[in-house]
Protein chains: 2
Amino acid sequence: MANFHYNPHISVDCVIFGFDDERINILLIKRKQEGKNIYALPGDLVRKGEDLDHAATRVLFELTNLQNLYLEQFKTFGSPDRINDPLDIEWVNSIREHPEVRVITIAYNSLVKVEDVEFAPASFAEEVLWHPIDKPQKLAFDHNDIANTGWAMLREKIKREPLIAFSLLPEKFTLRQLQTLYEAIVGSSLDKRNFRKRMLRNKFLVALEEKQSGVSHKPAQYFKFDEAIYKEDFAKDQWFLF
Amino acid sequence: MANFHYNPHISVDCVIFGFDDERINILLIKRKQEGKNIYALPGDLVRKGEDLDHAATRVLFELTNLQNLYLEQFKTFGSPDRINDPLDIEWVNSIREHPEVRVITIAYNSLVKVEDVEFAPASFAEEVLWHPIDKPQKLAFDHNDIANTGWAMLREKIKREPLIAFSLLPEKFTLRQLQTLYEAIVGSSLDKRNFRKRMLRNKFLVALEEKQSGVSHKPAQYFKFDEAIYKEDFAKDQWFLF
DNA sequence: TCAAAAGTGTTCCATCTACACCCATGT
DNA sequence: ACATGGGTGTAGATGGAACACTTTTGA
């Protein structure tokens with residue numbers, strides 16, 4: 001690890017969402033401490049002179065080897081006692097140059113295509129894993145609060161801008177994948193025919209020649225999301241899907 | 001000004017919205033510097049050990065003498081060069097104990113009923129004024145960016161939770177006031193009959209006995225917003241007005 | 001009696017909802 | 001031939017948009 005100069009007062013934490021065709025997961029990092037597995041959100045101190053968004057982008061890149069991801073700051077957590085578990089305190093003491101200072105953290109949501117992720121050994125992570133967003137898991141620091149808030153904000157956001165959901169899907173996908181994704185987001189099941197009708201009204205969904213193969217049922221059509229058509233056709237606020 | 005201990009790295013800034021029955025305004029503070037009037041958003045450094053929300057609440061209280069206001073953190077601004085105007089730098093040098101450190105600011109939106117505000121002489125403000133949100137005005141630091149972002153976020157938010165708009169209205173108000181408010185928010189005019197029909201479907205809008213008086217036309221019915229009925233009747237996500 | 005804003009209903013059209021069967025493929 | 005998920009259309013209900021006149025008051 002290069003010897004960068006860090007600002008000991010500010011960190012970023014990332015809630016990184018991925019979709020595995022069934023449920024929505026977030027990326028967690030695992031550390032071992034006193035024989036226990038401790039899970040946390042990926043994050044890092046901001047460097048001196050570094051922009052906040054840049055710090056988040058850097059964490060994402062170190063972890064997934066990906067750039068140009070969907071990234072949005074959603075809230076800053078700065079309670080004076082956000083580090084209060086003895087294990088967390090001990091850990092902070094062991095790795096930080098200035099463990100005693102109050103650090104506030106700027107939280108970001110990010111969306112990735114799981115197939116693109118190459119888990120990289122990052123300076124701040126011993127092990128990295130996907131964890132279902134709806135399966136409870138105790139996290140370090142105030143990271144449960146951060147993750148829950150991020151998930152709630154993402155759901156709200158996607159209702160207004162369903163476009164961003166495509167950041168979670170592969171380049172080519174079936175309408176079934178798209179529907180399952182939306183169902184995971186809204187938390188209820190949707191009518192297949194109505195869903196297709198609404199979706200196919202959107203010209204930015206373009207059918208590819210290609211179909212599924214190797215499945216033991218009627219193969220599904222693949223689609224892609226055409227961002228250029230999207231930008232042409234829609235002034236941002238004019239369309240709501242829900 | 002009492003000698004509190006401040007954390008020189010973190011500040012809060014508040015975009016405080018008020019509605020004067022015609023347009024939406026924000027609170028600005030004015031300082032005089034080299035014979036010029038410099039306008040800025042109200043804000044302050046966070047104190048040592050002080051929670052972020054508390055700092056924002058404190059700024060609001062010092063300025064308006066009001067408590068229990070609608071308050072929502074909307075974004076954190078932390079660009080390393082967010083203070084770059086020579087006048088701003090000079091001013092920071094003159095009032096801060098540690099003028100050289102990078103300070104990131106957590107921005108809050110707040111909604112007040114203008115009639116309740118008692119402008120108070122605050123430690124950080126020489127003069128306080130209402131300024132129309134849609135009238136351009138150069139502000140200090142990155143406050144133009146902050147105010148514009150806050151206004152955009154508020155408009156988005158109110159589309160999803162029109163409820164909060166009532167924080168901008170007096171306890172009793174006419175449907176015309178309510179409509180003008182929504183028109184100011186969405187930025188276009190609405191059909192009177194359709195607006196009333198939709199609004200009066202909401203049982204939390206209750207008609208009072210009282211009517212306007214002293215107006216030289218048919219006096220309007222007063223209404224109030226009943227928060228208890230609102231909370232009973234509506235699971236948060238079930239109703240959209242737009 | 002005039003000016004000014006309050007208040008009120010209906011028709012038309014677009015969109016949402018509910019719902020059931022045939023199709024293409026692999027085993 | 002059967003199991004599996006893909007793909008399709010219609011009818012009824014609902015909600016939004018457009019639109020003009022009467023009412024009440026103060027001056």
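Just the heavy atoms: all of them, side chains too, but no hydrogens, waters or symmetry mates, feed the values below. Note on naming: letters A, B, ... go to the chains in the order of the sequence lines (proteins, then strands), and numbering restarts at 1 for each one.
- Every residue two or more places apart in sequence or in another chain was checked for a ring pair (Phe, Tyr, Trp, His ring centres under 6.0 Å) with A/Phe19, and none qualifies.
- Atom CZ in B/Arg176 sits about 13 Å away from atom C1' in C/dA4, given to the nearest Å.
- Under the 6.0 Å distance and 45° angle rule, B/Lys224 does not count as a cation-pi partner of B/Tyr222.
- In this structure, B/Gln179 places its CD atom 12 Å from C1' of C/dA5, rounding to the nearest Å.
- Toward the 5' end of DNA chain C, the nearer of the two residues B/Leu200 and A/Lys192, judged by each one's closest nucleotide, is B/Leu200.
- Under the side-chain hydrogen bond (donor to acceptor under 3.5 Å, both in side chains) rule, A/Asn194 has a single partner from A/Arg196, A/Lys197, A/Lys192, A/Arg198, which is A/Lys197.
- Map B/Pro219 and A/Asp191 each onto its nearest nucleotide of DNA chain D; the residue landing nearer the 5' end is A/Asp191.
- In this structure, the CD atom of A/Glu22 is 15 Å from the C1' atom of D/dG5, given to the nearest Å.
- Between B/Gln221 atom CD and C/dT8 atom C1' there is a gap of 14 Å when expressed in whole angstrom units.
- Between B/Ile24 and B/Trp151 the shortest side-chain heavy-atom distance falls below 4.5 Å.
- Counting heavy-atom neighbours within 6.0 Å of A/Glu22 CD, excluding the residue itself, gives a total of 12 or less.
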Quick test: give all pairs of protein nitrogen or oxygen and nucleotides 10-15 of chain D nitrogen or oxygen below 3.5 Å, distance rounded to 0.1 Å.
residue, atom, partner, partner atom, Å
D/dT10, O4, A/Lys197, NZ, 2.9

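- The aromatic rings of A/Phe225 and A/Phe166 lie parallel to each other, their planes meeting at an angle below 30°, with 60° marking the opposite boundary.
- For the contact set between residues 207-217 of chain B and DNA chain D, defined by any heavy atom under 4.0 Å, the members are B/Val215, B/Ser216, B/His217.
- Distances shorter than 4.0 Å separate some side-chain N or O of A/Arg196 from OP1 or OP2 on D/dG7.
- The interatomic distance linking A/Arg198 (CZ) with C/dC16 (P) rounds to 7 Å, in whole Å.
- Relative orientation of the B/Phe141 and B/His143 rings is tilted, given thresholds of 30° and 60° on the angle between their planes.
- In summary, A/Arg176 and A/Glu183 engage in a salt bridge, as defined by a charged side-chain N under 4.0 Å from a carboxylate O.
- Straight-line distance from the OH atom of B/Tyr222 to the C1' atom of C/dG7: 16 Å, rounded to whole Å.
- Across the protein-nucleic acid pair, A/Phe195 atom CZ and D/dG5 atom P stand 18 Å apart, rounded to whole Å.
- Taking only distance into account, the side chain of A/Arg193 meets the base of C/dC19 through a donor-acceptor pair shorter than 3.5 Å.
- Annotation: side chain of B/Leu60 is not in contact with side chain of B/Leu66 (no heavy-atom distance under 4.5 Å).
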